[in-house]
Amino acid sequence: MKNQLRELPKFDNIKEIIYNSVKLYAENIAFTIKKKVENKTEYINITYEKLLQDINSLGTMLHKKELKRKRVAIIGKNRYEWSISHLACLMGGIVSVPLDKDLQLDELEESLIRSKADAIIFDEKIEEKINIVKANKKTNIKEYICMSELKDYENVPNLLKLGKKIIEDGNHDYENYEVDSKCMSILLFTSGTTAKSKAVMLSQYGIATNVYDMQIVETFLPTDVNIAFLPFHHIFGSTGMIVMLASGVKTVFPDGLRYIKQNLIEYQVSLFVGVPLLIDKMYSNIEKEIEKQGKTKLINIAIKISNILMKLHIDVRRQVFKPIINALGGKMRFIISGGAPLDKEIEKKFNEFGIHIVQGYGLTETSPVIAAENDKYVKLGSVGIPMKHANIEIVNKDEKGIGEITVKGPNVMLGYYENEEATAEVLKNGRFYTGDLGFLDDEGFLFITGRKKDMIVLKNGKKVFPEELETLLNRTEDIEESYVFGMKDKEDKSKIKVAVEVVYNKEIVKKKYGEISKEELYTKIWNEIKEINKTLPRYKYITQMILTDEPLIKTTTHKIKRNEEYKKVNDKSK
């Protein structure tokens with residue numbers, strides 16, 4: 001199977017990528033920044049040429065502060081200052097340590113200590129935490145730099161001015177710095193679905209290879225507008241940002257999940273990279289609009305006609321479904337989903353509306369993407385085909401061909417920082433053992449069945465994958481989200497039952513049933529689950545349900561923290 005659809009130059013590091021983009025797209029807009037000035041909204045456009053100037057100015061000052069070959073932590077929401085801070089580190093031989101802005105104070109302090117960070121560039125919104133970290137003096141931090149002007153702290157706008165002046169005076173040391181592509185450039189903490197996150201060491205060569213692999217199979221256009229919803233402290237977000245910059249795309253920043261619809265229209269977004277939760281929300285907005293206009297039946301007929309025409313190679317989707325595309329800003333053409341399984345019904349619907357949607361699969365440890373659907377290869381339910389430089393093998397297969405997914409390639413991490421034992425568990429002969437289970441079909445498409453450690457093994461040896469059942473359950477209107485787990489039988493401790501914790505959708509339940517008791521609601525939702533059971537093999541039947549309106553404990557990329565949720569459920573049932 002050919003996994004290269006277009007010819008493009010391949011680069012070894014981020015510096016080469018950015019300089020190439022400036023050569024090709026100097027006057028294109030790289031980022032748009034929205035600012036509120038005296039009750040007015042202003043939009044500041046940063047060209048690719050200006051982006052490089054800012055990176056070099058900031059990088060020059062980081063070198064002047066003797067941070068070359070040191071480590072700089074970056075913490076804050078997605079914003080322009082975050083992007084240039086990360087890029088200034090990568091292009092100047094400084095290890096970037098992206099941190100989650102929602103870390104609790106003790107977690108933040110621990111991450112700074114564990115990463116041995118020498119400086120921190122932070123968002124003013126977390127000033128209070130930074131003040132305490134500074135006062136505690138437990139870390140190695142010598143330089144505190146705020147992303148905006150803030151009393152008592154150095155700031156990025158000031159460093160940009162100072163660095164620009166140094167360059168104008170003839171100092172080009174930072175610009176001439178030669179990047180070592182294969183050493184550790186990013187130290188990234190895993191999102192912590194397990195008790196203690198690990199620090200992953202990534203090289204620029206691995207990330208640059210992954211950027212290339214994505215560019216040769218997916219269509220990113222220099223006319224595209226991308227909205228940066230995925231947090232940059234997550235590898236899917238930061239590598240995604242570099243893919244956009246490699247392709248001459250304009251990136252804009254969202255105002256928050258509540259404003260997703262407004263932002264798509266405001267910026268005429270054409271390209272969206274997100275996790276299924278965000279894509280579900282977009283689809284839910286479309287559904288509500290169709291229902292409100294009473295056009296559900298009409299749309300279903302139009303889909304059938306459009307599908308027939310597609311078989312005759314006549315594509316009228318974007319004309320026929322223009323009102324739907326308009327509800328997403330009018331320009332939306334391409335969506336990439338990753339981080340968790342996407343409901344194949346939603347994937348099917350978006351493609352039927354003329355919005356190309358593909359799924360990808362990867363991990364922090366693989367920089368991140370190792371398989372993805374693309375312009376040519378799409379199969380509902382799969383996560384696509386292996387990327388050009390990712391050698392995927394399924395090991396320890398069962399009778400159905402399901403086994404652990406392993407991968408070898410330049411994008412695989414260098415290892416876990418100061419954790420040889422954990423590294424040895426997952427890296428064997430350069431092959432990374434993902435801990436995910438799946439299979440490759442006859443055409444080379446990869447299917448994920450679940451996490452090895454989350455798999456429920458029943459007394460008869462049958463295996464149940466929670467994510468598969470959760471996808472089915474989450475299609476039910478009354479269910480906001482669900483968590484499937486194995487529960488020990490109270491009578492026979494060796495017997496495991498398939499149980500579910502259901503978070504009901506308060507808004508929909510109130511609209512559908514009015515005032516309803518918890519017992520009545522339990523019965524209604526349990527009856528819906530019994531109907532779902534009928535579509536499953538008997539051994540997968542859900543036999544117990546816990547009903548709640550409390551959201552599940554999740555990471556910032558909206559993955560369920562299964563260990564913590566399991567503990568919470570067990571504590572409640574005692």
Just jot down the side chain to side chain contact (heavy atoms under 4.5 Å, CB included) partners of Lys15, sequence neighbours excluded, or say none. Asn13, Tyr19, Met91, Tyr177, Val179
Kindly write out the residues that satisfy salt bridge (charged side-chain N to carboxylate O under 4.0 Å, His left out) with Glu168, not counting sequence neighbours, or none if the list is empty. Lys164
At their closest point, which heavy atom of Lys559 faces which heavy atom of Gly339, and how far apart are they? CE-O, 2.8 Å
Beyond-backbone contact of Glu266 with Tyr43, side-chain heavy atoms, under 4.5 angstrom: yes
Contacts of type side-chain hydrogen bond (donor to acceptor under 3.5 Å, both in side chains), residue Lys36, not counting sequence neighbours: Thr41
By salt bridge (charged side-chain N to carboxylate O under 4.0 Å, His left out) - contacts of Lys64 (at least two apart): none
Less than 4.0 Å between a side-chain N and a carboxylate O, is that true for Arg562 and Glu565? no
What do you reckon, is CG of Asn396 surrounded by more than 12 foreign heavy atoms closer than 6.0 Å? no
Arg6 atom CZ, neighbour heavy-atom count above 12 within 6.0 Å: yes
Residues at least two apart in sequence or cross-chain that pass side-chain hydrogen bond (donor to acceptor under 3.5 Å, both in side chains) with Ser247, listed by chain then number, are Gln215
Just so I know, are the side chains of Leu342 and Ile279 near enough to count as touching, which here means a heavy-atom distance under 4.5 Å? yes
Sorted by chain and number, sequence neighbours left out, ring-ring contact (aromatic ring centres under 6.0 Å, His included) with Phe465 holds for none
Within a reach of under 6.0 Å around NZ of Lys182, are more than 12 heavy atoms found that belong to other residues, nucleotides or ligands? no
Heavy-atom count around Lys428 NZ within 6.0 Å, excluding the residue itself: above 12? yes
Please say whether more than 12 non-hydrogen atoms of neighbouring residues, nucleotides or ligands are located less than 6.0 Å from CD in Glu66. no
Residues in salt bridge (charged side-chain N to carboxylate O under 4.0 Å, His left out) contact with Asp123, at least two apart in sequence or another chain: Arg79
Lys452 meets the side-chain hydrogen bond (donor to acceptor under 3.5 Å, both in side chains) criterion, sequence neighbours left out, with Glu404
Contacts of type ring-ring contact (aromatic ring centres under 6.0 Å, His included), residue Tyr417, not counting sequence neighbours: none
Minimum-distance pair of heavy atoms, taken over all atoms of Thr239 and Ser367: OG1-O, 3.1 Å
Could you work out, with salt bridge (charged side-chain N to carboxylate O under 4.0 Å, His left out) as the rule, every residue matching Lys388, not counting sequence neighbours? none
Is any NZ, NE, NH1 or NH2 atom of the basic residue among Glu393 and Arg431 found under 4.0 Å from an Asp or Glu carboxylate oxygen of the other? yes
ring-ring contact (aromatic ring centres under 6.0 Å, His included) filter on His86, not counting sequence neighbours, yields Trp82
Which residues share a side-chain hydrogen bond (donor to acceptor under 3.5 Å, both in side chains) with Glu425, sequence neighbours left out: none
Output yes when Arg71 and Asp118 qualify as a salt bridge under the 4.0 Å nitrogen-oxygen rule, no when they do not. no
With the side chain counted from C-beta on, respond yes when Tyr212 and Phe11 share a heavy-atom pair under 4.5 Å apart, and no when they do not. no
Nearest-0.5 Å distance, CG of residue Asn411 to CG of residue Asn210: 5.0 Å
